[in-house]
There are 2 protein chains.
Amino acid sequence: MLIDPGSKVLVETPTYLGALQAFGPMEPHPVGVASDDDGVIVDDLVAKAKDARFIYLLPNFQNPTGRTMTEERRAAVSAAAAAAGLPIVEDNPYGELWFDEAPPLPLAARNPEGVIYLGSFSKVLAPGLRLGFLVAPKSIYPKLLQAKQAVDLHTPIFTQRMVSAVMKDRFLDTHVPTIRALYKRQRDAMMAAHARDGRPGREVQRAQGRHVPVGAPARGRGHREAAAQVAFVPGAPFYAGEGDPRTLRLSFVTASVEEIDTAIAALAQTLREELVLLGDRKLAATPA
Amino acid sequence: MLIDPGSKVLVETPTYLGALQAFGPMEPHPVGVASDDDGVIVDDLVAKAKDARFIYLLPNFQNPTGRTMTEERRAAVSAAAAAAGLPIVEDNPYGELWFDEAPPLPLAARNPEGVIYLGSFSKVLAPGLRLGFLVAPKSIYPKLLQAKQAVDLHTPIFTQRMVSAVMKDRFLDTHVPTIRALYKRQRDAMMAAHARDGRPGREVQRAQGRHVPVGAPARGRGHREAAAQVAFVPGAPFYAGEGDPRTLRLSFVTASVEEIDTAIAALAQTLREELVLLGDRKLAATPA
């Protein structure tokens, strides 16, 4: 509804790969806004806002970085977008899955007329249902419904009713705290393994700077069977323009604490070996 | 996957409105192929095949006309499309719902490499599941999967498993004959009501030729409360180019035999009155 071929669409750096894929068939021109650990940088947003159709943001536990936009940044981004007349598409599939404290209020709560807010039952209930929801300004509803009907006629009634019943039963009130505790244990295991194994997160980054192909550990070679079992997503496709090949995304949600432990150890060992194999002769070819 | 902005796409005259709506966001140029009671006319198909991306066909109980492509026409269409290198998108949601005898074999059975065949559980099981399937040449599978993933990541696993269980139980073997018998009774009631009420199908056509707005009976005026309860779809949007305003689509599937009886009587009476009200003074404005 918002994209014509060539339309400028702003995204974070990096951003969610699935969003880039969803926009793709409409042939936009995605432009990455410079971002730090607090989210998009407001000056760069303002500089790139002209003629952009919208900015796509994941303020909570961003995919793929995991970062959360601070309260201060939210206020600044919200004000800058409103001043520029730039609509925000706010994607919040993970907001309920906080470990220590709930994230700040969504951008949609600050400027409801300027934000299309996307929610999902995939992360709090079941991804296999493919059920989500949106909250949007009333003015765009007729067009939204028309576009949605063209795509799928309607969302399956059966799964909508099922989720409605689950919500009425207040199942989510007990289920969400359960998965928060579960995921926190896995997150902690992932962080502990990183700390123990010589901060392979950093080594990955350094190794990739020396052109270790990110897919290499997953392909399996000789004695590296354990590392070959580690599934991860190369980071480059998560970028609007040219991706950063020194990055990868690791997930801890579907792996047990023991699997996380073994996997990070194997991955770290493999990356250390690659680094040694490449040696310093490749250093001259390292990108700036 | 098959449509770029401006791509020529061939459809029947008329064709399924939902297909035109599904193609719409990709901005094709839909072109209607002349059609008779047996389906698309082969000479016109051949004349229009050049540069067309595909032809969209509903050989069985076509929506909205209800016509079925004969065996002879299928053979001719299949041969002509193959000769022209024109892919066929064959939509068959209704094929199992025959009353007297099963329709001829699908076009996909004649030339599997030239046909993308679409099936659905909406009509034989439940439309609220939004579950269907396709059979396509192997060569286009990788692109199809990629495009599908961009749209929805995947079809809900829950409903897929449910339908798989229903099929393994052989529920459809008893259910489909049951709904065939049910729909046949309703179809017969609709035809009987048409015959009894002065063939309103024809009068609708004549009345529309005199510019009776097709939406009028559904809006309710004074003593026409009964007709105002009759839901139907205006026919014009089912056409690729300019629609024929003298047409409408009536459905008998969700109405009881008694409701069909009352509805057709009320609709016929209202149309007769409109015809009298308009009189002959409007006849000069009748489209050719």
Side-chain angles (χ1 to χ4, degrees), chain A residues 1-7 9 15-28 30 56 63 91 93 118 120-123 125-132 134 142-166 233 237-238 254, chain B residues 1-7 9 15-28 30 56 63 91 93 118 120-123 125-132 134 142-166 233 237-238 254:
Chain A
M1 213 184 93
L2 299 174
I3 303 172
D4 289 310
S7 295
V9 167
T15 187
Y16 173 48
L17 171 59
L20 291 175
Q21 289 173 329
F23 304 153
M26 297 298 147
E27 304 181 4
Y56 171 76
N63 188 344
D91 198 2
L118 310 179
S120 174
F121 294 101
S122 286
K123 311 300 170 183
L125 193 55
L129 297 174
R130 313 306 310 139
L131 199 68
L134 66 77
K143 284 256 176 211
L144 264 176
L145 287 175
Q146 201 179 7
K148 172 105 170 68
Q149 191 184 30
V151 170
D152 65 5
L153 286 186
H154 60 82
T155 301
I157 298 291
F158 187 87
T159 41
Q160 290 191 69
R161 290 217 174 188
M162 190 166 62
V163 170
S164 169
V166 164
V233 187
F238 288 82
T254 53
Chain B
M1 213 184 94
L2 299 174
I3 303 173
D4 289 310
S7 294
V9 166
T15 188
Y16 173 47
L17 171 59
L20 291 175
Q21 288 173 330
F23 304 154
M26 297 299 146
E27 303 181 4
Y56 171 76
N63 188 343
D91 198 2
L118 311 179
S120 174
F121 293 100
S122 286
K123 311 301 171 184
L125 193 55
L129 297 173
R130 315 304 310 141
L131 200 67
L134 67 76
K143 284 257 176 211
L144 263 176
L145 287 175
Q146 201 178 6
K148 172 106 169 65
Q149 191 184 30
V151 171
D152 65 3
L153 286 186
H154 59 83
T155 302
I157 298 292
F158 187 87
T159 41
Q160 291 190 68
R161 290 219 174 184
M162 191 166 62
V163 170
S164 169
V166 165
V233 187
F238 288 83
T254 53

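Within every chain, numbering begins at 1; the chains are lettered A, B, ... in the order of the sequence lines, protein sequences first and strands thereafter.
Interface remark: of the candidates A:Asp152, A:Val151, A:Thr155, A:Leu131, A:Asp152 forms the most heavy-atom pairs closer than 4.5 Å to chain B. Interface check for chain A: of the options B:Arg161, B:Gln146, B:Met26, the most heavy-atom pairs under 4.5 Å are formed by B:Met26.
Annotation for B:Leu20 and B:Pro237: closest pair CD1-O, 3.6 Å, computed over non-hydrogen atoms. Looking at every heavy atom in both residues, B:Lys148 comes nearest to B:His154 through NZ-C, 4.0 Å. Of all the heavy atoms in B:Leu17 and B:Phe238, the pair that sits closest is N-CD2, 3.4 Å.
Within a 6.0 Å sphere centred on NZ of A:Lys143, heavy atoms belonging to other residues, nucleotides or ligands number 12 at most.
Only the side chain of B:Glu27 comes within less than 4.5 Å of a heavy atom in chain A; its backbone stays farther off. Neither the backbone nor the side chain of A:Met1 comes within contact range of chain B; no heavy atoms are under 4.5 Å apart.
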